Amino acid sequence: MVKKVVIIGGVAGGASTAARLRRLDEFAEIIMLERGPYVSFANCGLPYYVGRIIETQDALVLQTPVDFLNKFNIDVRVNNEAISIDRKNKEVFVKNLQDGEEYKLPYDKLVLSPGAEPIRPGFEGIDTIPVFTLRNIPDTKKIEEFISNNNPTSAVIIGGGYIGLEMAENLSHRGIRVTVVELLDQVLPTFDKEMAQFINNEIILNRIKLVLADGVKSFCVNPQGSSGLYNVRTQSGQNLEADLIIMSIGVRPESILAKEAGLELTDRGYIVVDKHMQTSDEDIYAVGDVIQITHFITNEFTAAPLAGPANRQGRIAADNIAGRDSEYKGVLGTAVLQVFSQTAAQTGLTEKQLAKMDIKYEKMYVHPKNHAGYYPEAFPIHMKLLYDIDTGKILGAQAIGAKGTEKRIDVIATVIYYSGTIYDLQDLELSYAPPFGSARDAVNMVGFAATNVQVGDVKLWHWHDAEKISKEDCTIIDVRGPEDYEVGTLPGAINIPLGQIRSRLNEIPKDKPVYVYCMVGFSSYIAYRILQARGYDVRNLAGGYQTYEMAYLPPGGHVGELKPFDPQRN
């Protein structure tokens with residue numbers, strides 16, 4: 001067994017390494033260094049502490065140094081920063097940040113878990129005003145103190161990713177008017193745009209202003225008498241006034257120690273590790289947000305700053321240090337986010353990623369209820385499934401919706417892990433009672449819909465095909481009722497409700513293709529089968545008008561503002 005293990009960094013990766021190693025080896029000397037005052041805390045809970053949903057800071061602290069000592073006999077040294085690594089002599093040079101003492105700490109095995117730091121670009125004026133980031137408990141203290149001392153009424157959040165949207169919601173809970181600025185033309189960049197639009201809609205309906213496809217140019221202090229303490233000027237020339245500014249545009253690995261020690265890094269600064277979490281030095285391991293890992297599906301290199309993978313990596317590093325042969329099989333990127341009443345979850349690859357790969361894929365959209373429709377508070381789950389068109393193997397999934405959305409993505413993530421296909425989704429036996437699901441669960445439904453395509457029961461067209469077709473080349477039929485048709489429809493579509501299809505066949509020419517659609521794709525599938533049986537060349541709109549409507553919402557708009565289709569808008 002190894003005699004002395006030094007772990008640099010705590011939280012998910014480092015702390016899980018330490019605890020697992022102790023369970024495997026009662027007698028190893030384990031020392032964990034953490035330059036901050038907290039070694040194990042719930043960093044995913046930080047936005048909810050700012051929003052006062054989590055009421056006390058103590059609730060965020062998972063384990064203290066005393067806990068580690070008493071439960072695991074692990075020597076945790078907070079406020080101790082690793083300054084450098086001497087690989088030749090197997091020593092870490094450490095500085096005690098409380099008293100300034102510097103000392104050398106020998107090791108047999110070393111584990112690096114320094115994590116990642118928020119990106120802070122050099123925007124003009126960024127150092128002249130308070131601009132906050134959120135990574136740890138001290139960061140939340142700074143934000144909380146600023147709110148207490150200044151009573152802000154408005155805030156600008158730079159970045160529309162997970163942390164940015166969580167902070168937007170939680171500041172809104174505190175009565176602060178929030179504007180989110182995002183350089184891309186969508187929130188949640190890890191989602192495909194048409195799916196992210198459902199969250200866009202939720203944000204707008206909760207009175208948060210979205211500034212999309214626009215980046216930050218500069219910051220400055222506002223003159224006295226202005227409505228905000230500070231001014232954020234965007235690249236398009238907008239001036240956004242705010243009393244509080246939070247930067248949340250991503251993270252980068254804190255790999256300076258590894259770089260200076262001569263360990264192999266990627267071009268982006270991530271530490272290169274093998275499946276055993278071992279670096280280019282056989283006595284040094286690395287875990288968490290600082291490392292480059294492989295994607296479970298593509299086996300290509302990627303990074304995943306997520307707590308779940310970091311915990312798993314820590315366990316694997318400990319196994320190998322203790323002499324067990326344990327391998328990390330890759331990351332799927334399974335993640336979930338709450339935005340007001342909506343849950344956004346995803347796993348696997350997105351269409352944006354697949355479009356850059358040499359993979360023939362198809363996609364399916366469905367909008368089933370989260371539980372039995374007759375049971376109170378049944379709301380839709382908007383799902384997108386991506387799969388290999390040749391094999392039916394599932395490549396990724398995204399879902400936005402009500403309670404239970406994350407459960408469906410977790411099920412699909414499990415199927416992907418075991419190399420499952422769309423046919424497997426059909427056959428899954430999932431728990432059912434009216435408050436929790438339906439006899440045919442949402443996961444089954446997306447499997448049914450995708451399988452229908454694969455076996456030739458239906459041919460699809462997609463929302464983005466609308467710009468390629470015209471009423472001269474085909475017949476577009478809206479099979480919804482007249483009321484829905486009047487509210488909004490596709491340009492050139494004629495309204496023949498499903499119940500009238502058989503009696504109005506004389507209005508549907510057979511000499512050109514027929515494109516049918518309804519609200520979510522099910523009624524139009526029935527219409528498709530009726531027409532196909534009578535010799536028509538038919539296509540059904542995947543996901544129906546609801547998917548089309550969301551895909552073409554204008555930036556910062558919400559449902560009800562959809563303009564007639566404009567091919568120039570994307």
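Worth saying up front: this structure is predicted, and the values here are computed from it rather than measured.
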Whether [X] side chain and [Y] backbone form a donor-acceptor pair below 3.5 Å:
{"X": "Gln186", "Y": "Phe191", "value": "yes"}
{"X": "Asn444", "Y": "Leu428", "value": "yes"}
{"X": "Asn170", "Y": "Glu166", "value": "yes"}
{"X": "Asn370", "Y": "Phe379", "value": "yes"}
{"X": "Arg408", "Y": "Gly404", "value": "yes"}
{"X": "Ser524", "Y": "Gly521", "value": "yes"}
{"X": "Asp441", "Y": "Leu430", "value": "no"}

With sequence neighbours left out, write down each residue that passes side-chain contact (heavy atoms from CB on, under 4.5 Å) with [X], or none if nothing qualifies.
{"X": "Thr266", "result": "Arg268, Tyr270, Val272, Gln292"}
{"X": "Thr179", "result": "Val156, Val181, Lys209, Val211, Leu240"}
{"X": "Pro118", "result": "Thr133, Arg135"}
{"X": "Asp325", "result": "His276, Asn320, Glu327"}

Least distance between heavy atoms, [X] atom then [Y] atom:
{"X": "Leu395", "Y": "Ile297", "value": "O-CD1, 3.0 Å"}
{"X": "Pro368", "Y": "Met383", "value": "CG-SD, 4.5 Å"}
{"X": "Ile316", "Y": "Ser326", "value": "CG2-O, 3.4 Å"}
{"X": "Val290", "Y": "Gly115", "value": "CB-O, 3.7 Å"}
{"X": "Pro482", "Y": "Pro497", "value": "CD-CG, 4.3 Å"}
{"X": "Ala307", "Y": "Ala12", "value": "O-CB, 4.1 Å"}

For the [atom1] atom of [X] and the [atom2] atom of [Y], what is their distance to the nearest 0.5 Å?
{"X": "Ser419", "Y": "Lys393", "atom1": "OG", "atom2": "NZ", "result": "4.0 Å"}
{"X": "Tyr49", "Y": "Leu60", "atom1": "OH", "atom2": "CG", "result": "7.5 Å"}
{"X": "Ile381", "Y": "His367", "atom1": "CD1", "atom2": "NE2", "result": "12.0 Å"}
{"X": "Thr421", "Y": "Gln454", "atom1": "OG1", "atom2": "CD", "result": "9.5 Å"}
{"X": "Arg480", "Y": "Met519", "atom1": "CZ", "atom2": "CE", "result": "4.5 Å"}
{"X": "Ile291", "Y": "Met277", "atom1": "CD1", "atom2": "CE", "result": "3.0 Å"}

Would you say that [X] contacts [Y] through its side chain, given a criterion of any heavy-atom pair below 4.5 Å between the two side chains?
{"X": "Val273", "Y": "Gln313", "result": "no"}
{"X": "Lys468", "Y": "Trp461", "result": "no"}
{"X": "Val487", "Y": "Tyr545", "result": "no"}
{"X": "Lys512", "Y": "Thr475", "result": "yes"}
{"X": "Leu212", "Y": "Asn200", "result": "yes"}
{"X": "Glu194", "Y": "His464", "result": "no"}
{"X": "His462", "Y": "Glu362", "result": "yes"}
{"X": "Arg52", "Y": "Arg174", "result": "yes"}

Solution key, residues 532-539 side-chain donor-acceptor pairs under 3.5 Å, sequence neighbours excluded:
unit_1: Gln532; atom_1: OE1; unit_2: Arg529; atom_2: NH1; d: 2.9
unit_1: Arg534; atom_1: NH1; unit_2: Ile530; atom_2: O; d: 3.3
unit_1: Tyr536; atom_1: OH; unit_2: Leu505; atom_2: O; d: 3.3
unit_1: Tyr536; atom_1: OH; unit_2: Ile508; atom_2: O; d: 2.9
unit_1: Asp537; atom_1: OD1; unit_2: Arg539; atom_2: NH1; d: 2.6

| query | Salt bridge between Asp319 and Arg20, side-chain N to carboxylate O under 4.0 Å? | reply | yes
| message | Looking at Glu377 and Lys403, is any side-chain nitrogen of the basic one under 4.0 Å from a carboxylate oxygen of the acidic one? | response | no
Other residues, nucleotides, ligands: >12 heavy atoms within 6.0 Å of [X] [atom1]:
{"X": "Arg504", "atom1": "CZ", "answer": "yes"}
{"X": "Asn506", "atom1": "CG", "answer": "yes"}
{"X": "Lys407", "atom1": "NZ", "answer": "yes"}
{"X": "Lys459", "atom1": "NZ", "answer": "no"}
{"X": "Phe301", "atom1": "CZ", "answer": "no"}
{"X": "Tyr485", "atom1": "OH", "answer": "yes"}
{"X": "Phe522", "atom1": "CZ", "answer": "no"}
{"X": "Tyr375", "atom1": "OH", "answer": "no"}

| field | side chain to side chain contact (heavy atoms under 4.5 Å, CB included) between Leu498 and Ile526, intermediate numbers included | value | CA-CA 8 Å; Leu498 174 61; Ile526 298 173; 4.0 Å; yes
| query | Do Leu171 and Ile157 pass the side chain to side chain contact (heavy atoms under 4.5 Å, CB included) test, and can you show the C-alpha distance, the side-chain angles, and the key distance before you say yes or no? | reply | CA-CA 10 Å; Leu171 290 176; Ile157 296 175; 4.1 Å; yes
| task | Compute whether any side-chain donor of one residue and acceptor of the other, for Gln546 and Tyr365, lie under 3.5 angstrom apart. | result | no
| query | Would Asp478 and Tyr517 count as having a side-chain donor-acceptor pair, cut-off 3.5 Å? | reply | yes
| query | Parallel under 30°, tilted from 30 to 60°, perpendicular over 60°: which one fits the rings of Tyr552 and Tyr548? | reply | tilted
| note | Only residue of Asp192, Thr350, Thr405 satisfying side-chain hydrogen bond (donor to acceptor under 3.5 Å, both in side chains) with Gln398 is Asp192
Check: residues 329-341 side-chain donor-acceptor pairs under 3.5 Å, at least two apart:
unit_1: Thr334; atom_1: OG1; unit_2: Thr347; atom_2: OG1; d: 2.7
unit_1: Ser341; atom_1: OG; unit_2: Glu202; atom_2: OE2; d: 2.7

| said: Pair Val178, Met167 - check side chain to side chain contact (heavy atoms under 4.5 Å, CB included), show working. | reply: CA-CA 9 Å; Val178 180; Met167 285 302 297; over 6 Å; no
| query | Would Val415 and Val443 satisfy side chain to side chain contact (heavy atoms under 4.5 Å, CB included), going step by step from the backbone distance to the final call? | reply | CA-CA 11 Å; Val415 174; Val443 171; over 6 Å; no
